[in-house]
Amino acid sequence: MRVGRALLLVAGVGFGLWGVWLMRDFTAEQLVSMGTWLLGGVIVHDAVIAPITVLIGVIAARVLPRHARAVAGVAFLVWATLTVAFINVLSGQGGKPGNDTVLNRPYGISWVVLTLAIAVIAAAVAHRRRPATMPRPRRRGPSSPAA
């Protein structure tokens with residue numbers, strides 16, 4: 001285990017140093033822009049994305065049955081990663097004027113189809129994981145004593 005951690009540490013430091021090496025020709029304006037984006041990403045994550053994720057988790061814990069919670073969490077993680085990967089094409093950024101070969105597909109429809117596929121697969125897995133016999137709630141009628 002220690003050897004694995006050491007290798008990961010060496011690889012991480014190596015990639016970090018390589019990134020610094022690649023920035024050696026950056027202008028001051030580019031460095032400030034990069035810093036702004038990095039700081040903005042942290043702020044958006046901590047102020048917007050993390051609280052929304054926690055709220056969704058709290059709601060899911062109260063609404064979903066126990067056997068479906070882990071599946072829903074994984075599905076949400078996959079969906080969020082997919083959405084982050086799609087942001088540029090969904091917003092239309094990255095296209096070039098005069099070049100019709102860039103962003104020439106129905107990315108919005110593709111994202112919706114993939115989102116639905118994730119939801120259907122998650123529902124099927126959650127259904128498969130449910131206990132064989134779900135306990136029925138007891139009915140309290142006039143003939144049964146109150147607990």
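Just so you know, residue 1 is the first one in the sequence shown, and it goes up from there.
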- Working to the nearest 0.5 Å, report the span between OG1 of T83 and CH2 of W111. 5.0 Å
- Message: Tell me whether the count of non-hydrogen atoms from other residues, nucleotides or ligands lying under 6.0 Å of CG in L38 goes above 12.
- Response: yes
- Task: Say whether, by atom type as modelled, one donor and one acceptor occur between the side chain of S110 and the main chain of P106 under 3.5 angstrom.
- Result: yes
- Would you find a donor on one side and an acceptor on the other, under 3.5 Å apart, between the side chain of R24 and the backbone of W21? yes
- Task: Using side-chain contact (heavy atoms from CB on, under 4.5 Å) as the criterion, list what pairs up with V13, not counting sequence neighbours.
- Result: L9, L17
- Message: When you group the ILVMFWY residues by side-chain heavy-atom contacts below 4.5 Å and let the links chain together, are M23 and W18 in the same group?
- Response: no
- Aromatic plane relationship, F86 with Y107 - under 30° parallel, 30 to 60° tilted, over 60° perpendicular: perpendicular
- Message: If hydrophobic clusters are built from ILVMFWY residues whose side chains come within less than 4.5 Å, do F15 and M34 share one?
- Response: no
- Query: Shortest non-hydrogen contact from R129 to H67?
  - Reply: NE-O, 3.5 Å
- Sorted by chain and number, sequence neighbours left out, side-chain contact (heavy atoms from CB on, under 4.5 Å) with I121 holds for V125
- Taking every heavy atom of Q30 against every heavy atom of D25, the minimum-distance pair comes out as OE1-O, 4.3 Å
- Message: Membership question, hydrophobic clusters at under 4.5 Å side-chain separation (ILVMFWY): are V74 and V63 in the same one?
- Response: no
- Hydrophobic cluster identity match, L31 and L22, side-chain contacts under 4.5 Å: no
- Look at the side-chain heavy atoms of Ile, Leu, Val, Met, Phe, Trp and Tyr, link any pair under 4.5 Å apart, and say whether L114 and V112 land in one connected group. yes
Please list every donor-acceptor pair under 3.5 Å in which a side-chain atom of residues 43-61 meets a protein atom from a residue at least two apart or in another chain.
residue : atom : partner : partner atom : Å
T53     : OG1  : I49     : O            : 2.8

